[in-house]
Amino acid sequence: LTGIASGKTVKYLSGGRSEGAAGGAVNNTVNLVGTGAGTLEEVYGGYIGKTTNSANATGNTVNIAGGTVAKNIYAGYTNGTGKTTGNTVNIGYTDEKKVFHAVADGTKVIGTIYGGNKSAEGNVLNVRGAITAGQIANFEKLNFAVNKDTAGKTLLSINGTAATTGLDWSQVTATVDPTNMMVSSYGASRITLMANANGIDFGATYHGAKGETRDVFEFVTDKDNNSVYTDTYRFKGNEVSYAASDNTHDSAWGGRSELGNVVEENTLTMTGGEITGTAYGGTSRTNTAKKNRLVLRGGSAGELVGGFG
């Protein structure tokens, strides 16, 4: 769907529907590119209507690249006794011609994005662009992908009235493409994957931050009560400056490691601003720091350290 005429309402958009007493809704796809000036109420990847139908709604996909949905999105839905498993919602998607469809600014779902209306088993939410939704529910896996075009944005903003629950921390992944991505000299380059002012609850599945090293970058994914985020650090070959426009911070560094990598061959050049604590050429929390440089051409710092580790 690419648009709806002004003043018109589409009650539902579905990739496949079964209204009989038998027959499932399997391997259907909906592509939502935009809704235009009209109204789209609900979206179903696969839909089963009869309460006596015991078949499954499975393997269905809803792809989203734009528009507004006035109510809910279901990748799989059944009114019957079957299952809604193995369904996928893609926020930003690649079509059959290998063309990627980025998410348009302002894309939103007023209601809830469901993997399935019955359960979370095997349902996947892939987020590759920024979207606002009232809530998400019944997803086993949440996968976030970030690049220079989405860095600095909150990818999944939940703005309903309740906390987001039923999530498994072990099933949350973040893949960051650092190509041409800026890394800060005075703080982690933070990417907010998901946010909900009413809370995000992983229950007993949360066991602390998880990290990944790729090339000369580290990606540390963690959460607080209201968000899930990934912090990016560069530990080798980084050249950054700290200027008057950076104002005042506790510390700054050329390279940094939180995951135990050797920090080396980084340079921090200070030309202005104030660092109340320590300015480092490079710093590693649990390993060594070597061949790092700290250049002071302006500004002030409480302490100057070429390398610490």
(Q) Pair T68, T35 - check side-chain hydrogen bond (donor to acceptor under 3.5 Å, both in side chains), show working. (A) CA-CA 6 Å; T68 297; T35 52; 4.7 Å; no
Q. Is there a donor in the side chain of T164 and an acceptor in the side chain of Q135, or the other way round, less than 3.5 Å apart?
A. yes
Q: Taking D168 for its side chain and S170 for its backbone only, find out whether a donor-acceptor pair lies under 3.5 Å.
A: yes
Q. How close do G111 and N72 get, heavy atom to heavy atom, and via which atoms?
A. CA-OD1, 3.4 Å
(Q) Please confirm whether the ring centroid of F202 lies under 6.0 Å from the ring centroid of W169. (A) yes
Q | Other residues, nucleotides, ligands: >12 heavy atoms within 6.0 Å of R214 CZ | A | yes
Q.
Quick check against the 3.5 Å criterion: does K118 have a side-chain atom that pairs as donor or acceptor with the backbone of G80?
A. yes
Q. If we only count heavy atoms from C-beta on, is the N226 to D224 side-chain gap below 4.5 Å?
A. yes
(Q) How long is the straight-line distance from CG of N138 back to OG of S119, given to the nearest 0.5 Å? (A) 6.5 Å
Q.
Just so I know, are the side chains of N225 and I200 near enough to count as touching, which here means a heavy-atom distance under 4.5 Å?
A. no
Q: Look up atom OG in S157 and atom CG in N196, then write down how far apart they are to the nearest 0.5 Å.
A: 9.5 Å
Q | Donor-acceptor contact present, side-chain E140 to main-chain G122, <3.5 Å | A | yes
Q) Is it true that a side-chain atom of T112 and a backbone atom of Y114 form a donor plus acceptor pair closer than 3.5 Å? A) no
(Q) Check K71 with E42, please: is the shortest side-chain N to carboxylate O separation under 4.0 Å? (A) no
Q: Before giving the answer on side chain to side chain contact (heavy atoms under 4.5 Å, CB included), spell out for V176 and M181 the whole-Å C-alpha distance, their side-chain angles and the decisive distance to 0.1 Å.
A: CA-CA 10 Å; V176 183; M181 190 176 293; 3.7 Å; yes
**Q.** Any donor-acceptor N/O pair, D250 side chain to T276 backbone, under 3.5 Å
**A.** no
Q. Going by heavy atoms in the side chains, are D222 and Y229 under 4.5 Å from each other?
A. yes
Q) Any side-chain donor-acceptor pair under 3.5 Å between N143 and T173? A) yes
Q | Inter-residue atom distance R256.CZ - S184.OG, 0.5 Å rounding | A | 10.5 Å
(Q) Within a 6.0 Å radius of atom CZ on R293, are there more than 12 heavy atoms belonging to other residues, nucleotides or ligands? (A) no
Q) For Y74, which of Y44, Y47, Y12 qualifies under ring-ring contact (aromatic ring centres under 6.0 Å, His included)? A) Y44
Q: Examine the side chains of N266 and E239 and answer whether a donor and an acceptor come within less than 3.5 Å of each other.
A: no
**Q.** Ring geometry between H249 and Y242 (parallel below 30°, tilted from 30 to 60°, perpendicular above 60°)
**A.** perpendicular
Q.
Less than 3.5 Å apart, any donor N or O on the side chain of E303 or T278 sitting next to an acceptor on the other?
A. yes
Q: Heavy atoms only: give me the nearest S241-S185 pair and the separation to one decimal.
A: O-OG, 3.3 Å
(Q) Strictly distance-based, threshold 3.5 Å: is any side-chain N or O of T269 a donor or acceptor partner for the main-chain N or O of V295? (A) no
Q) In Å, rounded to the nearest 0.5 Å, how long is the span from OG1 of T175 to CG of N147? A) 11.5 Å
Q.
Can you confirm whether more than 12 heavy atoms, excluding those of F308, are under 6.0 Å from its CZ atom?
A. no
Q. So, for V240 and V183, which heavy atoms are closest and what is the spacing to 0.1 Å?
A. CG1-O, 3.9 Å
**Q.** Side chain proximity check, L13 to L40, heavy atoms < 4.5 angstrom
**A.** yes
Q. What's the spacing between N247 CG and E274 CD if we round to 0.5 Å?
A. 10.0 Å
Q. Minimum heavy-atom separation for A75 to V62, with atom names?
A. CA-CG2, 3.9 Å
Q: Please report the closest heavy-atom contact between S257 and F235, naming both atoms and the distance.
A: CB-CB, 4.2 Å
Q. Does a side chain donor of either T179 or D177 reach within less than 3.5 Å of an acceptor in the other side chain?
A. yes
Q) Is N292 reaching over with its side chain to a backbone N or O of K290, donor-acceptor style, under 3.5 angstrom? A) yes
Q: Can you establish whether the number of heavy atoms outside E19 located under 6.0 Å from its atom CD is more than 12?
A: yes
Q: Can you establish whether the number of heavy atoms outside D105 located under 6.0 Å from its atom CG is more than 12?
A: no
Q: Report yes if some heavy atom in the side chain of L156 is under 4.5 Å from a heavy atom in the side chain of I131; otherwise report no.
A: yes
(Q) What verdict does the side chain to side chain contact (heavy atoms under 4.5 Å, CB included) test give for T107 and I64, after you've listed the backbone C-alpha separation in whole Å, the side-chain angles of each residue and the deciding distance to 0.1 Å? (A) CA-CA 9 Å; T107 300; I64 303 171; 3.8 Å; yes
Q: Return yes when atom NZ of K50 has more than 12 non-hydrogen atoms of other residues, nucleotides or ligands closer than 6.0 Å, and no otherwise.
A: no
Q) Between N31 and N63, do the side chains contain an N or O donor and an N or O acceptor separated by less than 3.5 Å? A) yes
Q. Distance from E218 atom CD to S284 atom OG, nearest 0.5 Å?
A. 7.5 Å
**Q.** Cluster link Y233 to V305, ILVMFWY, side chain under 4.5 Å
**A.** yes
Q: May I ask whether V124 and V43 are part of the same hydrophobic cluster, defined by side-chain heavy atoms of I, L, V, M, F, W, Y residues being less than 4.5 angstrom apart, directly or through others?
A: no
Q | In one Ile/Leu/Val/Met/Phe/Trp/Tyr side-chain cluster, 4.5 Å: V220, L193 | A | no
(Q) Between N287 (side chain only) and G260 (backbone N and O only), is there a donor and an acceptor less than 3.5 Å apart? (A) yes
(Q) With heavy-atom distances below 4.5 Å as the criterion, would you say the side chains of I191 and K153 are in contact? (A) no
**Q.** Non-hydrogen side-chain atoms of N79 and I48 separated by less than 4.5 Å
**A.** no
Q | Any side-chain donor near an acceptor of the partner, T58 and N56, under 3.5 Å | A | no
Q: Assess whether side chain to side chain contact (heavy atoms under 4.5 Å, CB included) is satisfied between N27 and N60, documenting all intermediate values.
A: CA-CA 5 Å; N27 297 336; N60 301 291; 5.6 Å; no
Q: For N53 and G20, indicate whether the former's side chain and the latter's backbone hold a donor-acceptor pair under 3.5 Å.
A: yes
Q. Yes or no on side chain to side chain contact (heavy atoms under 4.5 Å, CB included) for V89 and F139, after CA distance, side-chain angles and deciding distance?
A. CA-CA 9 Å; V89 175; F139 288 101; 3.8 Å; yes
Q. Do any pairs count as a side-chain hydrogen bond (donor to acceptor under 3.5 Å, both in side chains) and have a residue in residues 92-103, sequence neighbours left out, and if so which ones?
A. D95-H101
(Q) With heavy-atom distances below 4.5 Å as the criterion, would you say the side chains of Y280 and L294 are in contact? (A) no
Q: Quick one: closest heavy-atom pair of E41 and V69, and the distance?
A: O-CG1, 3.3 Å
Q. According to a 4.5 Å side-chain heavy-atom criterion applied to Ile, Leu, Val, Met, Phe, Trp and Tyr, with indirect links allowed, do F217 and L259 form part of one hydrophobic cluster?
A. no
Q) Is the NZ or CZ atom of K223 both under 6.0 Å from the centre of the six-membered ring of Y206 and within 45° of that ring's axis? A) yes
Q: Indicate yes or no for a side-chain donor-acceptor contact from R128 to the backbone of G92 under 3.5 Å, with no hydrogens or angles considered.
A: yes
Q. Would you say the side-chain atoms of T29 and T61 include a donor-acceptor pair closer than 3.5 Å?
A. no
